[in-house]
Amino acid sequence: MKLFIDTADIDEIKEAYSLGIIDGITTNPSLIAKTGKNFESVINEICSIVDGPISVEALSKEYNDIIEEAHQLSKISKNIVIKIPITDQGLKAVKRLSQEDIPTNVTLIFSPAQALLAAKAGATYVSPFIGRLDDISHIGMDVVDQIITIYNNYDIQTEVIVASVRNPLHILDAALLGADIVTIPFRVIQQLTKHPLTDIGMERFLVDWEKVPKKKGG
Ligand code: E4P
């Protein structure tokens, strides 16, 4: 399973990449707004750090405008993936961009049927938003399960990015279901390595190590 980081924060991206486990990045307008920086400078900086797919959202609503925006965004770097919300106009744009070999990530997916349509349109990736479904008492991971079953039934090549991740259990569940990718906020990446028994174990080893004679006769 590939791991993406879900952020536009440059320090978080650098820190996560230094761990050597990150394969790509997803951003969205809210994450970019949180940086307080100018859109172009954030994206350019991300492109200078990240070697892997970088999802950047097109904000236009009409087909022609989405296409225009996608063309502009893909000029920035070969790694740019055009993130497009699932709408009728968005689907048409995904179809056209797939014919032009421009990668797309169809976002704001909340049902398996939406994911099926996105795949039919030629999406490179789909992003079901798990946490937001859990927030309204729907089991988000059930949607991922159904999307994966449908894609397997028809040998669909579109990759599933489990998004809107809130905690380490989402990553575990995504891996057990065989999701292609999970995109993770920095805070949750930090949680992943942690376990209280690891901390206790390290402490005990250090205490015991102090008791080991270090020199002959010591
Ligand atoms: C994914 O591509 C989105 O940027 C993100 O996962 C949304 O997460 P949120 O529901 O925490 O805003």
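For the single chain, residues carry numbers from 1 onward in sequence order. For ligands, and for the atoms within them, numbers begin at 1 and follow the listed sequence.
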Seminar exercise, completed: Contacts of Q89 meeting side-chain hydrogen bond (donor to acceptor under 3.5 Å, both in side chains) (sequence neighbours excluded), chain-then-number -> none

For this session: Sequence neighbours left out, what pairs pass ring pair (Phe, Tyr, Trp, His ring centres under 6.0 Å) with at least one residue falling in residues 57-114?
Result: F110-F129

For this session: Please check if any side-chain donor atom of T183 sits under 3.5 Å from a side-chain acceptor atom of T26, or the reverse.
Result: yes

Exercise. Does one side chain, of S55 or N105, offer a donor that lies under 3.5 Å from an acceptor on the other?
Worked result: yes

Seminar exercise, completed: The complete set of salt bridge (charged side-chain N to carboxylate O under 4.0 Å, His left out) pairs with one or both residues in residues 129-152, sequence neighbours excluded, reads D135-R166

Exercise. Is the count of non-hydrogen atoms from other residues, nucleotides or ligands lying under 6.0 Å from I139 atom CD1 greater than 12?
Worked result: no

For each nitrogen or oxygen atom of ligand 1, which protein N/O atoms lie closer than 3.5 Å, and how far apart are they, rounded to 0.1 Å?
unit_1, atom_1, unit_2, atom_2, d
ligand 1, 2 (O), K83, NZ, 2.6
ligand 1, 4 (O), D6, OD1, 2.9
ligand 1, 4 (O), N28, ND2, 2.7
ligand 1, 4 (O), K83, NZ, 3.2
ligand 1, 6 (O), D6, OD2, 2.7
ligand 1, 6 (O), S164, N, 2.7
ligand 1, 10 (O), R132, NE, 2.7
ligand 1, 10 (O), S164, OG, 2.7
ligand 1, 10 (O), R166, NH1, 3.4
ligand 1, 11 (O), R166, NH1, 2.7
ligand 1, 12 (O), R132, NH2, 2.8

